J.: 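One structure, pasted below without further comment.
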2 protein chains.
Amino acid sequence: MLNGKGEQFRISTQTSEIILKAAAEYNYFPNRIARGLRLEKTETIGLIVPDIANQFFSSMAKTIEIESRKNGYSIFLCDSLDNISTEKELLNLLAARKVDGIILAPVGTGSDHINEFSKNGIPVVIIDRYLPDTKIPYITTDNYLGACQAMEHILAMGHRVVACIQGLNGISANEDRVRGYKDTLNNNSIAVDNSLIVGDDFGEETGYVQAKLLMKRNNPPTAIFALSNLISLGAMRAISESGLKIPDDISLVSFDDQPYSALLASPMTTVEQEKDEIAVRAVNILLERITGAKDERVIEKIMIKPKLIIRKSVREM
Amino acid sequence: MLNGKGEQFRISTQTSEIILKAAAEYNYFPNRIARGLRLEKTETIGLIVPDIANQFFSSMAKTIEIESRKNGYSIFLCDSLDNISTEKELLNLLAARKVDGIILAPVGTGSDHINEFSKNGIPVVIIDRYLPDTKIPYITTDNYLGACQAMEHILAMGHRVVACIQGLNGISANEDRVRGYKDTLNNNSIAVDNSLIVGDDFGEETGYVQAKLLMKRNNPPTAIFALSNLISLGAMRAISESGLKIPDDISLVSFDDQPYSALLASPMTTVEQEKDEIAVRAVNILLERITGAKDERVIEKIMIKPKLIIRKSVREM
DNA sequence: TTATTTCGCACAATCGTTTGTTCTATGACA
DNA sequence: TGTCATAGAACAAACGATTGTGCGAAATAA
């Protein structure tokens, strides 16, 4: 096998040149599997997202992949299908593959399996959502603030009956947004009507079904606050099917700005999340933990401010 | 290390039970790195796409990941950034990581580096585009047919000056679509005006810039055929900025149906590609090559029929 | 009871790289 | 000229799983 190693730590002036030439000539690349076995590090990061087909996650995946590659790491992509037992399997799979670290957008509300997992020594960084009682660093949008911004706008436009179609109950991103929704109503002296808070996951179907139900109410809301891009997509479909127009008949504000948001039938007012910043910082925090560059007792808990993009999907009452 | 292997080929009735219990108890998972080194297979597939943030590719990535995982394979996700030298690097990286196979949505027009690469024994399957003079299997949409369907519709609606904003020149997907555009014009006795064929990549910016230029022409087109979802997004932005309406002022048809296509200001008529089918079959063809289940002299060259979804973005003239 | 067969386990080699140790040869200094 | 220091190269061990080989014990048959 010759000694293609000489290149690095014992530079023998002549030999190294010969070696380098030969290496180039035969297109030699070190076997990273063997390297991984010997070094007990694979320069590999596992990425688990609930739905890679969702633009929100695929945008972040892109940035994460690029930022990781810059640092010599490759990405194992895993889609948990928004299914908690799949997520558990994937964590074990990634552990068996000896990834150096994991970036996880967790699925469910329970954090036990993640806490348990993080004890095995593989660093984990959580994005998008956070787990309240863990020592796992996270980086998310300040969802509470985002919801407040959106609701302040809706109320400032004169709406008084505002529904909220929420995502998966119990997870931080959802709870913080709902809390922002409620607090803003209260701060504006509007009683919270819990029957106007509907929905139970972030998918398109939830938006569709719940919007239909909302519109059938005796006292339908004049505005809907959709807590994800897919929910608003479903709500738009329902509204469109009912022959109603946004914002003339009903107003809509969505979480997550999208490339097409400005180009919809009614350009959508959205809460934009800093996806790139979340992604880049998640990678960097993880790399710090992997390399041990930072005191691991410091648990980063970062919330990035979102930005309300006001377009034309909210009617002035 | 005990012998956790007994489980498989020499079942010692008592011992195996003990082992299995112990394995479960200590939460033992075989080290896949060591396994990979010994077996010279990693149960790993490399996936290279030009832009994972593009819904078209992220949808396929999702299906590819799920289908691969079903078969015990994990996915190395790589984004080539639509950059050919990045693509070359990624191929070498994946080779060094000893992936068992690669699914590649190639970037450029040249196929030399891919031909060269495929000689090293790692099976490659190409999606979305194909390389004319190679022995590499591919599976794509029948882009020619899709373009013909779209153009037939546009012409049937009475348009006579139809522009085409194309993507990356030279690659099969683009050339086939342009050929469909031209042939359909010819078949309908309309002379092809080459100055109406503009653009040079699949990005949003191309759509924006070229649509602006097209609208400034002395004899502007009454319809635009956009050869990708991003191009149509850019074109919509340009049209919207110009204060024009689709389809009243200008008609637009796009390749690639999107979740939001029906919900746009003007519900978009699109050519829908069977992304899931392409993804599933790509995985299966690759797995057949990896396992040697199929005669490798058979080079699959598969074109999936697209479907024209007629909505309301084309005006009847 | 002895011989033979078979079953099951222990042991060793292997994959390709890294890294620590040993060995040889060269050059310098006394 | 002899000794020592050191550079450079050869060698060996290790990472953890797989897999072939060899050996011991048990079981069956003579």
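Keep in mind that what you see is a predicted model, and the values were worked out from it rather than measured.
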J.: Taking side-chain contact (heavy atoms from CB on, under 4.5 Å) as the criterion, tell me which of A/Asp128, A/Thr140, A/Thr141 meets it with A/Ile278.
T.: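 Among the candidates, only A/Thr141 passes.
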
J.: Can you name the residues that form a side-chain contact (heavy atoms from CB on, under 4.5 Å) with A/Glu274, not counting sequence neighbours?
T.: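 Residues passing side-chain contact (heavy atoms from CB on, under 4.5 Å) with A/Glu274: A/Glu277, A/Ile304.
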
J.: side-chain contact (heavy atoms from CB on, under 4.5 Å) with A/Leu168: which residues, sequence neighbours excluded?
T.: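 Testing A/Leu168 for side-chain contact (heavy atoms from CB on, under 4.5 Å), a comparison that skips the adjacent residues, returns A/Ile171, A/Phe202.
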
J.: Would you please name every residue forming a side-chain hydrogen bond (donor to acceptor under 3.5 Å, both in side chains) with B/Asp201, sequence neighbours left out?
T.: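 Testing B/Asp201 for side-chain hydrogen bond (donor to acceptor under 3.5 Å, both in side chains), a comparison that skips the adjacent residues, returns B/Thr206.
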
J.: Please report the distance, rounded to the nearest Å, between CZ in B/Phe29 and C1' in D/dT18.
T.: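 Going from CZ in B/Phe29 over to C1' in D/dT18 covers 19 Å.
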
J.: For DNA chain C, which residues in residues 89-97 of chain B have a heavy atom at a distance below 4.0 Å?
T.: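 Contacting residues: none.
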
J.: Please name all residues satisfying side-chain contact (heavy atoms from CB on, under 4.5 Å) with B/Thr42, sequence neighbours left out, ordered by chain then number.
T.: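 With sequence neighbours excluded, B/Thr42 shows a side-chain contact (heavy atoms from CB on, under 4.5 Å) to A/Ile33, B/Thr44, B/Lys98, B/Asp100, given in chain and number order.
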
J.: May I ask you to verify if any side-chain N or O of B/Tyr28 is less than 4.0 angstrom from the OP1 or OP2 atom of D/dG16?
T.: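 False: B/Tyr28 side-chain N/O out of range (4.0 Å or more) of D/dG16 OP1/OP2.
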
J.: Which of residues 30-43 of chain B sit near DNA chain C, with a heavy atom under 4.0 Å from it?
T.: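 Those residues are B/Leu37, B/Arg38, B/Glu40.
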
J.: Could you tell me which residues satisfy ring-ring contact (aromatic ring centres under 6.0 Å, His included) with A/Tyr138, sequence neighbours excluded, listed by chain and number?
T.: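 Counting only residues at least two positions away or on another chain, A/Tyr138 forms a ring-ring contact (aromatic ring centres under 6.0 Å, His included) with A/Tyr130.
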
J.: Suppose we screen for ring-ring contact (aromatic ring centres under 6.0 Å, His included). Which residues come up paired with B/Phe57, at least two apart in sequence or across chains?
T.: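 Scan of B/Phe57 (ring-ring contact (aromatic ring centres under 6.0 Å, His included), adjacent residues dropped) gives none.
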
J.: Tell me which pairs pass ring pair (Phe, Tyr, Trp, His ring centres under 6.0 Å) where either residue lies in residues 67-108 of chain B, with sequence neighbours left out.
T.: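 Passing the test, one end in residues 67-108 of chain B: A/Phe76-B/Phe76.
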
